[in-house]
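Take a look at the structure set out below.
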Amino acid sequence: MASPIEPGSEETDPLTPFVDEVLDRLSTALAALGGPLSREVLAGQLELEGGPEGEIAFPTHRAAAAAKKAPPEFAAQLAPRISPSSRLRSVSAKGAYVNFALAPSELTARTLALALGRGGRYGHRPVVGRPGCVEHTSANPTGPFHIGRVRNAIIGDTVARVVRAAGTAVTTQYYVDDMGRQASLITWIWSKPRADWPAPVRAAVDGAEVPGEKPDAYRGRPYPAVSAYVKEHPDAQAEVAAMIRAIESGAPPPLHRELTEAILGGMLASLARLDIRFDEFVWESDFLRDGSVERVLERMHGAPHAVREANGAWAIDAAGYGLPKESTRVVFQRADGTSLYVLRDVAYHLAKFARFDRVVDVLGQDHLLHARTLNALLAEVGTSRTPTYLIYQDITVPEGGRMSTRSGSAVWLDQLLAEAVDRARREVLARREDLPEADTERIAEAVATGAIRYHIVRVAPEKPVVFRWEDALSFEGRSGPFVQYSYARAASLLRKAGADGGPYPFDPDRLSDVEELALVRIVARFPRTVEYAARSLHVQSVAAYAHDLADQFNRFYHAVPVLRSADDERASRIALVAAVRQTLGNALDLLGIARLETM
RNA sequence: GGGCGCGUAGCUUAGCCCGGAUAGAGCACCGGGUUCCUAACCCGGGGGUCGAGGGUUCGAAUCCCUCCGCGCCCGCCA
C-alpha cells in the first residue's frame with residue numbers, strides 16, 4: 001500500500017510540489033503539537049494514493065506516540081491545523097490518518113503541462129552522474145535462443161531502458177564467450193568435411209536442414225550431438241582440447257571467429273524482432289589478446305589469499321568470503337597455466353568498473369555461485385567494487401524441469417515468434433478484413449512481440465515461470481496488446497478530432513468527472529514509477545503501471561464522450577487524451593513494445 | 001548435507017526493499033452492455049487461514065526464527 005516518496009523535481013514530476021507542501025506544513029504542525037519528526041522520516045511515512053479519502057495519506061501512529069496521545073485523537077487535532085491551499089483542497093482526519101486531497105485544478109494543470117510539454121521526455125529525467133552498464137543475455141553462441149534465455153534478454157533490455165530514462169547514460173553489453181569448450185566444439189565439427197563427421201552427429205543433422213534457414217539454426221544444429229559424442233570419445237576430446245589451447249594462445253583457427261559471428265548474427269536477428277539490440281559486444285578473447293588477463297593473473301598470484309596447489313594450479317582460499325563450505329577454494333588458473341572463466345570475468349569487470357559507475361549483470365539463478373566467487377576474486381585483486389546482480393529464475397516446462405535442447409523440451413524463440421504472429425494475424429483479420437496485407441503483417445508482428453515481451457516482464461524476475469503457450473500468447477487483460485490497443489484507441493480519437501499534433505489547450509476545471517480525475521492521477525504517477533523501477537530494478541512495476549493507465553483510460557473512454565462533447569469541454573478532454581497517449585506511448589517505449597497508431 | 005530463491009483466489013500474479021485504513025489485478029466462471037469516439041473493450045457478481053507455526057510491534061502478506069513443499073547451484077566447465 002505504501003508508495004515510496006522520493007525527492008523529484010518540479011520540472012519533471014507533477015507531484016513534487018504537492019509532496020513538498022505536505023511535508024512542509026506537516027512539519028510545522030507536528031512541531032507545534034509536540035510530535036516532531038524529521039523531514040526524512042515524514043517522507044518515509046507518507047503514502048501516495050493512500051486511501052479513499054485522499055491522494056496523500058499520513059499515518060499518525062508514530063507522531064502520536066511521540067506526543068503521547070492516541071492516534072485518532074492526535075489525527076483529529078492535527079488535521080485542522082493545516083488549512084487548505086491552492087494545492088491542498090482539503091485536509092481531513094479519518095481514524096488514525098490525516099488525508100490530504102490534492103487540489104484537482106492544480107494537479108491537472110501541472111500533470112497535463114508536463115506530459116504534453118515534455119512529450120517523449122515525460123517520465124524521463126536529465127542525465128546526471130557517470131554512465132552505467134547493463135550486461136545481459138550473453139548466451140553462448142552455439143545455436144538458437146530458447147525462451148529461457150529470452151527471459152534474460154527481455155529483463156535486461158527493459159532494465160537498460162528504464163535506468164536510462166531515470167537519468168543514467170547506459171551502455172548495454174553482450175559478453176560473447178568465444179573461448180572454452182562450447183564455442184570450440186562448433187569450430188571443431190565444422191572444420192571437418194561433412195563426410196568425416198562421426199555417424200551420430202551426421203544422423204542428428206541429416207534431414208533436419210531447411211534451405212535458407214538462419215545461420216544459428218544451421219550452424220548450431222550439430223552442437224548437442226557433438227557435445228555428447230566428444231564426452232564419450234577421448235581422441236575427439238584431445239582434438240578439442242588442442243583447439244581450446246590454440247584459441248587461448250591467440251591463434252584460433254580462422255573459421256572460429258567466422259562461425260561464432262555467423263551464429264551470433266542469427267541469434268541477434270531474432271532478438272531484433274523483439275527490439276532488443278546491444279550497444280557493444282565484448283569478446284572474451286579480447287581480454288587475452290590485450291594482455292589484461294595476464295595482468296590480472298599477476299595480481300592474483302600476489303593476492304592476500306592466493307595459494308598454489310601441489311600440481312601447480314592457482315586458487316584463492318575464499319573461506320572468509322561467506323561461500324558455501326565446499327566452494328571455499330576457488331581455482332582461477334589451471335595446472336597447465338590456462339585461465340578459467342571466472343578469472344577472465346575479473347578482467348572483464350575491471351574494464352567495466354573503469355568506465356561505468358552503476359554496473360548491472362543480469363544472470364540466471366544457476367550463475368549465482370559464479371557471481372559470489374567473482375565477488376571474492378574482485379576483492380582479492382583489490383577493488384572494493386562489485387556489480388549489481390539481477391538474478392532471475394529459470395523458465396521451466398509443464399512436464400517439470402528446465403528447458404533442455406537434448407531432451408527436446410526446449411521452446412525456441414523463433415518457434416514462439418512464428419506461433420505468436422500466426423495467432424495475432426488471425427486476430428487482426430477477424431477485425432480488419434479490409435486492411436492491406438502489409439499492414440496486417442506489421443500489426444501482427446507488433447502484437448505478437450508485444451505480447452511476448454509483456455508476458456515475460458510483468459512477472460518479478462525471482463519468480464519461477466512455467467512456460468504455457470496459452471499464457472505466453474494472451475492478447476487480453478494484463479497483456480501487451482491490451483496496452484497497445486488502448487494506445488491505438490487514444491491515437492484514433494486524436495486523429496478523428498483533427499488534433500494529431502497539438503497544440504492542446506485545456507482548462508483544468510473542465511476535467512472534473514471522476515473518471516477524468518482518476519486518469520489524471522495515474523498520468524501524474526508515471527515519473528515516480530519510472531524512478532522507482534530504475535532504483536529497485538523492479539521493472540515489472542512499469543508493466544503494471546502501463547496496464548493501470550490503459551485500464552483507467554478504457555473506463556474513461558466508456559464513461560465520458562470526447563468528440564461528441566460540448567465545445568468547452570471537448571478541447572480539454574482532447575488534451576487529456578493526448579497526455580494519456582503520450583504517457584502510454586512512453587511506457588510502451590520503456591517496455592520495448594511497439595506503439596500502434598491503429599490496430 | 002550446505003547455499004540461494006520461490007510459496008498470495010481454481011489458474012497466473014501485484015504488493016514485500018521502506019510494517020499502516022477493506023490484500024490489488026488478469027484468466028477462467030456467472031449475469032449484463034455495441035442504431036454512439038476501435039467490443040483486443042466496459043459494467044456487475046461469486047471466489048483469499050497471503051504454505052504452517054512461533055516471535056517482535058499499537059499494528060505483520062511485508063521484519064526475525066523454526067518447520068514443510070518446490071526449483072537451482074555446490075567442476076582445474078562456461
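First the proteins, then the strands, lettered A, B, ... as listed; each starts at 1. Since the structure is predicted, the reported quantities are computational estimates derived from the model, not experimental observations.
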Inset, instruction - Scan A:Ala335 against the nucleic acid and name what it touches under 4.0 Å (heavy atoms): base, sugar-phosphate only, or nothing. - result: base

Inset, instruction - Answer with base, sugar-phosphate or nothing: what part of the nucleic acid does A:His367 contact at a heavy-atom distance below 4.0 Å? - result: base

Legend entry - A:Glu47 CD to B:G19 P, straight-line distance once rounded to whole Å: 11 Å

Legend entry - Watson-Crick/G-U partner (both atom distances under 3.5 Å) of B:A52: B:U66

Legend entry - Separation of the P atoms in B:A14 and B:C63, to the nearest angstrom: 15 Å

Legend entry - A:Lys94 side chain, from C-beta outward: closest of B:C72, B:A21, B:G3: B:A21

Close N/O contacts between protein and nucleotides 38-40 of chain B (under 3.5 Å):
from  : atom 1 : to       : atom 2 : distance (Å)
B:U38 : OP1    : A:Ser492 : OG     : 2.8
B:U38 : OP2    : A:Lys496 : NZ     : 2.4
B:U38 : O5'    : A:Tyr557 : OH     : 3.3
B:U38 : O2'    : A:Tyr485 : OH     : 2.2
B:U38 : O2'    : A:Arg489 : NE     : 3.0
B:U38 : N3     : A:Met599 : O      : 3.2
B:U38 : O4     : A:Thr598 : OG1    : 3.4
B:U38 : O4     : A:Met599 : N      : 3.0
B:A39 : OP2    : A:Arg489 : NH2    : 2.3
B:A40 : OP1    : A:Tyr485 : OH     : 3.4
B:A40 : OP2    : A:Arg431 : NH1    : 2.0
B:A40 : O5'    : A:Arg431 : NH1    : 3.2
B:A40 : O4'    : A:Arg431 : NH1    : 3.0
B:A40 : N9     : A:Arg431 : NH1    : 3.4
B:A40 : N7     : A:Arg431 : NE     : 3.3

Legend entry - Distance, rounded to the nearest Å, where A:Arg372 contributes CZ and B:G3 contributes P: 10 Å

Inset, instruction - Just call it for A:Arg344: base, sugar-phosphate, or nothing, with non-hydrogen atoms closer than 4.0 Å on any strand. - result: sugar-phosphate

Legend entry - Side chain A:Asn311 and base B:C76 donor-acceptor under 3.5 Å: yes

Inset, instruction - Could you check whether A:Asp551 gets within reach of a base, just the sugar-phosphate, or nothing at all, counting any heavy atom under 4.0 Å? - result: sugar-phosphate

Legend entry - Euclidean distance for C1', B:G15 against B:C77 (whole angstrom): 40 Å

Inset, instruction - Let me know, please, whether A:Glu309 or A:Gly95 comes out on the 5' side of the other along RNA chain B by nearest nucleotide. - result: A:Gly95

Legend entry - Below 4.0 Å: OP1/OP2 of B:U12 and any side-chain N or O of A:Lys463: no

Inset, instruction - Return the stacking result for B:G59 and A:His61: yes when the ring centres lie under 5.5 Å apart and the planes under 30°, no otherwise. - result: no

Legend entry - Charged tip of A:Arg489 within 45° of A:Phe553 ring normal and under 6.0 Å: no

Legend entry - From B:C77, B:C37, B:C6, nucleotide with atom closest to A:Pro561 side chain: B:C37

Legend entry - Between B:C76 (C1') and A:Arg308 (CZ): distance, integer Å: 13 Å

Legend entry - Contacts of type side-chain hydrogen bond (donor to acceptor under 3.5 Å, both in side chains), residue A:Asp366, not counting sequence neighbours: A:Arg402

Legend entry - Candidates B:G5, B:C76, B:U12 - which lies nearest the side chain of A:Ala313: B:C76

Inset, instruction - Taking A:Tyr392 for its side chain and A:Val362 for its backbone only, find out whether a donor-acceptor pair lies under 3.5 Å. - result: no

Inset, instruction - Keeping the roles fixed (side chain from A:Arg372, backbone from A:Leu368), state whether a donor-acceptor pair exists under 3.5 Å. - result: no

Legend entry - N/O (side chain, A:Tyr532) to phosphate O (OP1/OP2, B:C16) under 4.0 Å: yes

Legend entry - Near-parallel close stack of A:Tyr97 and B:A21 base (under 5.5 Å, under 30°): yes

Inset, instruction - Could you tell me if the ring centre of A:Tyr348 sits under 6.0 Å from that of A:Phe287? - result: yes

Legend entry - Distance, P atom - from B:G1 to B:U12, rounded to whole angstrom: 28 Å

Legend entry - Counter-base of B:G24, judged by Watson-Crick or G-U geometry with both distances under 3.5 Å: B:U13

Inset, instruction - Ignoring the backbone of A:Pro59, work out which of B:C76, B:C4, B:G20 is nearest its side chain. - result: B:G20

Inset, instruction - In whole angstrom, give the distance that lies between atom CD1 of A:Ile155 and atom C1' of B:G5. - result: 14 Å

Inset, instruction - Using the P atoms only, state how far B:C27 lies from B:G45, rounded to an integer number of Å. - result: 16 Å

Legend entry - Atom-to-atom span, CD1 of A:Ile456 to C1' of B:U13 - whole angstrom: 14 Å

Legend entry - A:Gln45 side-chain N/O to B:G19 phosphate OP1/OP2 under 4.0 Å: no

Inset, instruction - Would you check if there is a donor-acceptor pair between the side chains of A:Gln173 and A:Glu135 at a distance under 3.5 Å? - result: no

Inset, instruction - Could you check whether the rings of A:His538 and A:Tyr532 sit parallel, tilted or perpendicular, using 30° and 60° as the cut-offs? - result: perpendicular

Legend entry - Rounded C1' spacing from B:C72 to B:A25 in Å: 29 Å

Inset, instruction - Look at all strands and tell whether A:Val577 reaches a base, only sugar-phosphate, or nothing, counting heavy atoms closer than 4.0 Å. - result: nothing

Inset, instruction - Give A:Glu284 one of three labels, base, sugar-phosphate or nothing, depending on what nucleic acid heavy atoms sit under 4.0 Å from its own. - result: sugar-phosphate

Legend entry - Heavy atoms of other groups near A:Arg62 CZ, more than 12 under 6.0 Å: no

Inset, instruction - Could I get the full list of ring-ring contact (aromatic ring centres under 6.0 Å, His included) partners for A:Tyr545, not counting sequence neighbours? - result: A:Phe526

Inset, instruction - Would you mind reading off the distance between A:Tyr545 atom OH and B:G24 atom P, rounded to a whole angstrom? - result: 21 Å

Inset, instruction - Identify, between A:Phe556 and A:His547, the residue whose nearest nucleotide on RNA chain B lies closer to the 5' end. - result: A:His547

Inset, instruction - Can you tell me, in whole Å, how much space there is between the C1' of B:U8 and that of B:A23? - result: 8 Å

Legend entry - Listed nucleotide nearest any side-chain atom of A:Asn554, set B:G5, B:G24, B:C42: B:C42

Inset, instruction - Taking atom C1' in both B:U34 and B:U13, compute the distance separating them and give it to the nearest angstrom. - result: 31 Å

Legend entry - Backbone N/O of A:Leu588 and side chain of A:Arg595: donor-acceptor pair under 3.5 Å: no

Legend entry - Identified side-chain contact (heavy atoms from CB on, under 4.5 Å) partner of A:Ile456 from the options A:Ile147, A:Ile395, A:Thr158: A:Ile395

Inset, instruction - With heavy atoms under 4.0 Å as the rule, sort A:Ala460 into base, sugar-phosphate or nothing. - result: sugar-phosphate

Legend entry - Separation of atom CD in A:Glu462 from atom C1' in B:C70, rounded to whole Å: 16 Å

Inset, instruction - Under 4.0 Å between any heavy atoms, over every strand shown, what does A:Pro464 touch: base, sugar-phosphate, or nothing? Just pick one. - result: sugar-phosphate

Inset, instruction - Could you check whether A:Gln333 gets within reach of a base, just the sugar-phosphate, or nothing at all, counting any heavy atom under 4.0 Å? - result: nothing

Inset, instruction - Tell me whether the OP1 or OP2 atom of B:C43 has a side-chain N or O from A:Arg555 closer than 4.0 Å. - result: yes

Legend entry - Under 3.5 Å on both distances, the Watson-Crick or G-U partner of B:C72: B:G3

Inset, instruction - Compare side-chain N and O positions of A:Arg334 against OP1 and OP2 of B:C77 and report whether any pair is under 4.0 Å apart. - result: yes

Legend entry - B:G54 to B:C18 separation - P atoms, rounded to the nearest Å: 26 Å

